[in-house]
Amino acid sequence: PSARPSPSAGVSATADLVSQTLVVAGGQSGNLLVNDSGTVFNQVLFAETTNLSTWTQVGTLTNAASVLAGTLRDGAGIHFLAGNNRPGVIVSSSDFFSISRSPPTSFPTLPTAVIGASAAYFNRRIYLMGGMTSSGITSQVYSSDDGLSWAEAGSMPGAKTYGAAVVLNGVLYYFGGSPNGAFVENSDAVYKTTDGASWTTHSSTGPSGATGVSLAVHGGLVFSCGGMAGTSVSSAVFSSGDFITWQQVGTIPEPRAFGTCLSLSSRLWYVSGVNNSLDATRSIFMSEDGAHWTTVGETQTAVFGAVVAGF
């Protein structure tokens, strides 16, 4: 797809930005591969997209958590998460929270304790896909219409963790991830479901940097941002209209993985994550078209694996 023209020289990228709320919940500081190198957070922080220098803590999670299951939003602004609660060590949790414009509310636990799962809101249900449990990497999918009652929703063709999920044109896709839990091992396979129960392999190849990648739908296209390929962290941004044909449209200002790409205020954003040294970062990048990116702010602390969302 052809990229839209970049903003005119001398015009601020935020000049016509409609203010919305950016949320950062949980996450971890330190280094991705060094055990106990940082702190796992329980803070829930808000900032306005027009003022990313001011962050306000609105509450705390019941348990600190990082490398989270993901984030999603329905009409009521519901999000949920589960993940590590000790830095650098796989100690999964099954916590479930509602995060809106008020302090988070704890729900009954998820059906399994998991780390590195992915989440999406599809056909008016919450879906939890893959991840690492106490039994190993799983392909299991669970769904719920209210976050209280959960049911098995089939299995993906392969067991994965640290991938990404998104809904595009009425289809739920899962892309990338690691088949064995090692950050340096990744799979480019794309799985899909049209009914939330039956899963198939949609494509065997996708953009490189599939572990710790982040996906966002923006302007009718899906954008793949950053991620790891082996020990290399990527800055590449790819777009696709069908999860088969991909085109590299640009690069974020610095390599990142285990951060979050999202569409908010008619812009694409990439928030935090780890850099080439696998250290947590604070940078927030923004783009109108996925091709031209600028650094527009920082999170309150250097963090990776946080839940990042917008209202």
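Here, residue 1 is the first one in the sequence, and each next residue gets the next number. Both backbone and side-chain heavy atoms feed into the values below; hydrogens, waters and symmetry mates do not. These numbers come from a predicted model, not from an experiment.
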Checking [X] side chain against [Y] main chain: does a donor-acceptor pair fall under 3.5 Å?
X	Y	value
N31	L278	yes
T161	S178	no
S287	D289	yes
S240	T245	yes
Q140	M129	no
T21	G310	no

Heavy-atom side-chain proximity of [X] to [Y] below 4.5 angstrom:
X	Y	result
P255	S234	no
V308	L262	yes
V23	V44	yes
Y121	V167	no
M228	V213	no

Give me the atom names and distance for the closest heavy-atom approach of [X] to [Y].
X	Y	value
C261	S214	N-OG, 2.7 Å
D242	H202	O-NE2, 2.7 Å
E298	W55	O-NE1, 2.9 Å
S149	S144	O-OG, 2.8 Å
G241	L168	O-CD2, 3.7 Å
W269	L264	NE1-O, 2.7 Å

May I have the step-by-step check of side-chain contact (heavy atoms from CB on, under 4.5 Å) for Q28 and T39, ending in yes or no? CA-CA 6 Å; Q28 179 181 329; T39 300; over 6 Å; no

Distance only, no hydrogens: is a donor on one side chain within 3.5 Å (strictly under) of an acceptor on the other, for [X] and [Y]?
X	Y	result
S272	T281	no
S198	D195	no
R282	T299	no
T49	Q20	no

According to a 4.5 Å side-chain heavy-atom criterion applied to Ile, Leu, Val, Met, Phe, Trp and Tyr, with indirect links allowed, do V233 and L33 form part of one hydrophobic cluster?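 Same cluster: V233 reaches L33 through Ile, Leu, Val, Met, Phe, Trp or Tyr contacts under 4.5 Å.
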
Going through the checks in order, is the side-chain contact (heavy atoms from CB on, under 4.5 Å) test met by Y127 and L172? CA-CA 9 Å; Y127 281 79; L172 174 57; 4.0 Å; yes

Under the ring pair (Phe, Tyr, Trp, His ring centres under 6.0 Å) test, residues paired with Y142 that sit two or more places apart: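 Not a single residue meets the ring pair (Phe, Tyr, Trp, His ring centres under 6.0 Å) criterion with Y142.
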
Taking ring pair (Phe, Tyr, Trp, His ring centres under 6.0 Å) as the definition, give me every residue that meets it alongside Y174, ordered by chain and number, with sequence neighbours left out.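 Checked Y174 against ring pair (Phe, Tyr, Trp, His ring centres under 6.0 Å); zero matches.
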
Roughly how far, to the nearest 0.5 Å, is CD of Q300 from OG1 of T56?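 The OG1 atom of T56 sits 8.5 Å away from the CD atom of Q300.
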
Both conditions, 6.0 Å and 45 degrees, for the charged tip of K160 above the ring of Y191: are they met here?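 Yes.
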
Please name the residue in the list [options] that meets the side-chain contact (heavy atoms from CB on, under 4.5 Å) test with [X].
X	options	result
L215	F175, F238, F223	F175
W199	S139, P157, S155	P157
F285	V296, T295, V237	T295

I would like to know whether L22 and L52 meet side-chain contact (heavy atoms from CB on, under 4.5 Å); could you show each step before the answer? CA-CA 9 Å; L22 190 65; L52 293 173; 4.1 Å; yes

Hey, can you tell me if Y162 and F258 have their rings parallel, tilted or perpendicular (30° and 60° cut-offs)?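 Perpendicular, since the angle between the ring planes exceeds 60°.
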
Do the ring planes of F243 and Y173 sit parallel (below 30°), tilted (30 to 60°) or perpendicular (above 60°)?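 If you compare the ring of F243 with that of Y173, the planes turn out parallel.
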
Would you sort out whether I126 and W150 count as a side-chain contact (heavy atoms from CB on, under 4.5 Å), showing the intermediate values? CA-CA 9 Å; I126 304 164; W150 292 84; 3.8 Å; yes

